[in-house]
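Okay, structure first, notes after.
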Amino acid sequence: MDLNRLGIFKLMSDKMAWDNQRQEVLAQNVSNSDTPKYQAQDLVPFDFKHQLREAGHLDLVSTDPAHLSASSTGAGGFRSAKDHTAYETSPTGNAVVLEDQMTKIGQNAIDFQALTNLYRKQIGMLKMALGKGSG
């Protein structure tokens, strides 16, 4: 059974993928904290409302080769944006504030941990409903 076909699991998987990609962007910011003229990057915030609309979307299936093919927007990467919260700039033009980046990394880790706990609880409830026990 593909759990990503269930709405809540797809939403949680998408959010975990967003958290993972954000962790990479934030780590890149930290690693470039001494690079001249480097501007901190961040991802566009995860939009649950948009993802819920997408989760309710049904894909079209063609049963005949003569049918028109359905186009899909795809769920590639998440959009990146410049981090406009930087209020300090070094003399070399670098706008990475390590304290801000470390705070964001910590919050991202907390969000990811909460989501994995929720995912684990959902699996447990599914197992219980199927009569497989909670462990």
- Message: Is it true that, when you exclude Asn117 itself, more than 12 heavy atoms of the residues, nucleotides or ligands shown sit nearer than 6.0 Å to its CG?
- Response: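 Yes.
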- Query: Do the side-chain N and O atoms of Asp19 and Gln23 include a donor-acceptor pair separated by under 3.5 angstrom?
  - Reply: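 On atom types as modelled, these side chains do not qualify, holding no pair under 3.5 Å.
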- Task: Walk me through it: do Gln39 and Val96 pass the test side chain to side chain contact (heavy atoms under 4.5 Å, CB included)?
- Result: CA-CA 6 Å; Gln39 299 293 315; Val96 176; over 6 Å; no
Please check this pair: side chain of [X] against backbone of [Y], looking for a donor-acceptor N/O pair closer than 3.5 Å.
{"X": "Asn94", "Y": "Ser33", "value": "yes"}
{"X": "Trp18", "Y": "Val44", "value": "yes"}
{"X": "Asn29", "Y": "Ala40", "value": "no"}

- Salt bridge or not for Lys104 and Asp100, using N-O below 4.0 Å?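 Here Lys104 does not pair with Asp100 in a salt bridge, since their nearest N and O are not under 4.0 Å apart.
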Flag side-chain contact, heavy atom, 4.5 Å: [X] against [Y]:
{"X": "Tyr119", "Y": "Met16", "value": "yes"}
{"X": "Ile8", "Y": "Met12", "value": "yes"}
{"X": "Val30", "Y": "Ile105", "value": "yes"}

Rounded to the nearest 0.5 Å, how far does [atom2] of [Y] lie from [atom1] of [X]?
{"X": "Ile123", "Y": "Lys121", "atom1": "CD1", "atom2": "NZ", "value": "13.0 Å"}
{"X": "Asp34", "Y": "Leu98", "atom1": "CG", "atom2": "CG", "value": "7.5 Å"}
{"X": "Tyr38", "Y": "Gln28", "atom1": "OH", "atom2": "CD", "value": "4.0 Å"}
{"X": "Asn32", "Y": "Gln41", "atom1": "CG", "atom2": "CD", "value": "9.5 Å"}
{"X": "Asp47", "Y": "Lys15", "atom1": "CG", "atom2": "NZ", "value": "12.0 Å"}

- Same apolar cluster: Leu115 and Ile110, side chain cutoff 4.5 Å: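 No, Leu115 does not connect to Ile110 through the hydrophobic network.
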- Task: Take Arg22 and Asp42, measure what side chain to side chain contact (heavy atoms under 4.5 Å, CB included) needs, and give me the verdict at the end.
- Result: CA-CA 7 Å; Arg22 185 171 192 226; Asp42 203 348; 2.8 Å; yes
